[in-house]
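Taking it in order: structure first as structure tokens, then the write-up.
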2 protein chains.
Amino acid sequence: MKRHVLIFGLAGGILIAILQYTEYRFVVIEHSVELYGALVAILFSAFGIWLGLRITRNRETIRETVVVKEVFVPAEAPERSGAESKDPLWGSGPKARHAAFAPDTARQQTLGITARELEILTLVARGFSNREIASQLFVSENTVKTHCGRVFDKLGAARRTQAVQRGKELGLLP
Amino acid sequence: MKRHVLIFGLAGGILIAILQYTEYRFVVIEHSVELYGALVAILFSAFGIWLGLRITRNRETIRETVVVKEVFVPAEAPERSGAESKDPLWGSGPKARHAAFAPDTARQQTLGITARELEILTLVARGFSNREIASQLFVSENTVKTHCGRVFDKLGAARRTQAVQRGKELGLLP
DNA sequence: CCAAAAATCACCCGAAAGGGTGACGACATC
DNA sequence: GATGTCGTCACCCTTTCGGGTGATTTTTGG
């Protein structure tokens with residue numbers, strides 16, 4: 001947490017320096033102050049938003065409420081069905097999924113798959129590339145790759161499609 | 001979510017206006033540009049951080065862990081099963097699927113996906129690499145890649161995982 | 001507070017995947 | 001015979017993936 005303030009100040013100083021430098025070289029020709037202010041505003045807004053997202057990312061109060069749903073299922077069709085989940089991660093797809101999905105946490109634990117890894121796996125299953133996943137989760141692509149490698153190893157998969165297949169078989173993915 | 005962008009732009013304009021106004025009246029005396037930029041930077045950083053906090057506040061995940069308790073009732077559900085296919089391609093997986101799967105041929109035709117392409121797609125979905133698929137179907141790897149490219153194009157997918165996801169959504173894959 | 005676990009990131013390298021183009025033969029249809 | 005579709009294959013090039021290694025930081029549990 002302390003590091004964020006540091007890089008904030010640092011990047012701020014650097015940005016100001018750069019802006020002032022460029023301002024004195026190029027932009028100053030005519031629309032000096034207005035454009036300058038707008039530039040600084042935009043850049044620092046983006047930076048602030050990014051920082052806000054980043055420092056609150058893990059502040060997701062994981063208020064884990066366990067909701068037990070009893071569902072009556074015809075014995076021949078053991079399809080999981082239950083309430084619609086609030087979490088967009090498990091939300092309905094374009095083809096209105098009528099059954100909410102709950103990952104098999106027992107299996108997940110026996111395999112030693114962490115929550116983060118499962119999160120990455122679900123995004124992999126949705127067809128995102130590592131880069132897209134990285135930008136969605138505000139982490140680097142290398143991190144995504146690391147998680148991928150770990151979860152592939154735990155699932156005994158060599159490819160992401162295989163990992164997705166295994167995940168679905170094991171009840172980890174919808 | 002859209003409201004935030006609006007108030008963002010609005011507040012941005014107002015802030016810029018205020019700053020420009022004040023800048024021309026008070027601060028301009030001596031430290032014009034530097035102080036001006038710093039002010040804008042600080043204000044907009046704070047604003048960005050605030051905005052980041054706000055738009056992530058709703059994501060304060062009240063992560064309901066939905067535990068689905070399946071209560072089996074005596075089977076009175078006649079399986080709405082399609083014809084059992086002879087092709088082992090659609091056979092039961094490791095997690096004994098009780099309902100046979102029949103691909104949505106209508107959708108398949110509207111998308112212009114040929115049988116061969118769908119065949120390759122199912123193998124892709126099972127986690128096989130292009131090489132493995134090639135050896136299974138007794139064709140060259142290049143051919144598999146060609147089919148893959150075609151079906152990816154028809155599904156609007158850029159990656160195989162994405163193609164698999166789309167295929168499942170569209171009822172082309174089990 | 002400390003130790004373990006988890007998450008993050010970087011770098012390298014080889015393999016796999018994907019895009020594009022062109023081509024050829026089989027087969028059906030008109 | 002001309003046309004069109006489909007399946008097959010090759011080549012080149014770029015991007016993405018996956019494996020391996022090592023490191024730091026954050027979180028968590030005791």
Side-chain angles (χ1 to χ4, degrees), chain A residues 1-7 50-51 53-64 105 108-121 123-166, chain B residues 61 63 108-121 123-166:
Chain A
M1 183 73 97
K2 224 165 282 180
R3 209 169 98 258
H4 290 128
V5 183
L6 280 182
I7 60 177
W50 170 81
L51 203 144
L53 287 175
R54 182 165 179 84
I55 63 180
T56 53
R57 174 169 39 88
N58 296 332
R59 275 283 163 252
E60 281 185 11
T61 40
I62 310 178
R63 189 166 319 192
E64 195 136 353
T105 51
Q108 180 186 346
Q109 288 201 0
T110 61
L111 291 174
I113 295 176
T114 68
R116 192 62 158 172
E117 286 163 358
L118 185 56
E119 194 179 3
I120 266 98
L121 182 60
L123 292 177
V124 167
R126 293 195 173 181
F128 294 111
S129 70
N130 287 340
R131 185 164 304 176
E132 289 169 342
I133 296 172
S135 72
Q136 280 187 39
L137 299 182
F138 301 102
V139 296
S140 83
E141 198 176 335
N142 284 314
T143 303
V144 176
K145 285 172 66 175
T146 304
H147 286 307
C148 276
R150 278 204 233 286
V151 80
F152 292 171
D153 188 47
K154 289 168 183 171
L155 287 175
R159 284 166 294 283
R160 47 179 47 212
T161 47
Q162 202 175 4
V164 169
Q165 171 72 2
R166 293 278 299 146
Chain B
T61 317
R63 188 166 298 184
Q108 180 185 345
Q109 288 200 0
T110 62
L111 290 173
I113 296 177
T114 69
R116 193 62 158 170
E117 286 163 359
L118 186 55
E119 193 179 4
I120 267 96
L121 183 59
L123 292 176
V124 167
R126 292 194 174 182
F128 293 112
S129 70
N130 287 340
R131 186 165 303 176
E132 289 168 342
I133 296 173
S135 71
Q136 281 187 40
L137 298 182
F138 302 102
V139 295
S140 83
E141 196 177 337
N142 284 314
T143 303
V144 176
K145 285 171 68 175
T146 303
H147 285 307
C148 275
R150 279 204 234 284
V151 80
F152 292 172
D153 187 47
K154 288 168 183 172
L155 287 175
R159 283 166 293 283
R160 45 178 49 212
T161 47
Q162 201 175 6
V164 170
Q165 171 71 2
R166 293 277 302 146

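Computed from a prediction, not measured in an experiment: that's the story for all the values here. Below, chains carry the letters A, B, ... as their sequence lines are ordered, and counting in each starts from 1.
- The CD-C1' distance, from B:E117 to D:dT8, rounds to 13 Å in whole Å.
- Regarding contacts with the backbone of C:dA16, every side-chain N or O of B:N130 stays at 4.0 angstrom or more from both OP1 and OP2.
- Atom-to-atom distance recorded for A:S135:OG and A:N130:CG is 11.0 Å, nearest 0.5 angstrom.
- Taking CD of B:E119 as the reference point, atom CG of B:L137 lies at 5.0 Å (rounded to 0.5 Å).
- Residue A:Q108 contributes atom CD, which lies 13 Å from atom C1' of C:dA6 at whole-angstrom precision.
- The separation between A:K154 atom NZ and C:dA5 atom P is 12 Å, rounded to whole Å.
- Listed by residue number, B:V139, B:S140, B:N142, B:T143 are the residues of residues 135-144 of chain B with a heavy-atom contact under 4.0 Å to DNA chain D.
- Proximity of A:R131 to the phosphate of D:dT15: no side-chain N or O atom is located under 4.0 Å from OP1 or OP2.
- In the set D:dG19, D:dG7, D:dC12, D:dG19 carries the atom at the smallest distance from any side-chain atom of A:K145.
- For the salt bridge (charged side-chain N to carboxylate O under 4.0 Å, His left out) condition, the pairs that include at least one residue of residues 131-140 of chain A, sequence neighbours left out, are A:R131-A:E141, A:E132-B:R159.
- Applying the 4.0 Å criterion to OP1 and OP2 of D:dG18, one finds that A:R160 has a side-chain N or O inside that range.
- In this view, B:S140 and B:N142, B:T143 satisfy the side-chain contact (heavy atoms from CB on, under 4.5 Å) rule, not counting sequence neighbours.
- Dashed line: the shortest gap from a side-chain N or O of A:R159 to OP1 or OP2 of D:dC17 is not under 4.0 Å.
- A straight line from NE2 of A:H147 to P of C:dA6 spans 11 Å, rounded to a whole angstrom.
- End-to-end axis angle for the helix from C:dC1-D:dG30 to C:dC30-D:dG1, using five pairs per end and rounding to 10°, comes out at 60°.
- For the pair B:I120 CD1 and D:dC6 P, the computed distance is 14 Å after rounding to whole Å.
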Checklist entry - Passes side chain to side chain contact (heavy atoms under 4.5 Å, CB included), A:R166 versus A:L111? Steps please. => result CA-CA 12 Å; A:R166 293 278 299 146; A:L111 291 174; over 6 Å; no
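- Here the CG atom belonging to A:L155 is positioned 13.0 Å from the CZ atom belonging to A:R160, to the nearest 0.5 angstrom.
- Listed by chain and residue number, B:I113, B:T114, B:H147, B:R150, B:V151, B:K154 satisfy the side-chain contact (heavy atoms from CB on, under 4.5 Å) test with B:E117 (two or more places apart in sequence, or in another chain).
- OP1 or OP2 of D:dG7 has at least one side-chain nitrogen or oxygen of B:T114 nearer than 4.0 Å.
- Distance from the side chain of A:F152 is smallest to D:dG19 among D:dG19, C:dT8, D:dG7.
- Atom P of nucleotide D:dG19 and atom CG of A:D153 are separated by 8 Å, given to the nearest angstrom.
- In this structure, the side-chain contact (heavy atoms from CB on, under 4.5 Å) partners of A:A125, at least two apart in sequence or on a different chain, are A:V164, A:L173.
- When rounded to the nearest whole Å, the span between CG of B:L121 and P of D:dG7 equals 14 Å.
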Could you go over nucleotides 20-26 of chain C and give all protein N or O partners under 3.5 Å, atom names and distances?
none

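- Across the protein-nucleic acid pair, A:I113 atom CD1 and C:dA6 atom P stand 12 Å apart, rounded to whole Å.
- No side-chain heavy atom of B:T161 sits less than 4.5 Å from a side-chain heavy atom of B:Q165.
- One distance of note links CZ of A:F128 with CD1 of A:I120; it measures 12.5 Å at 0.5 Å rounding.
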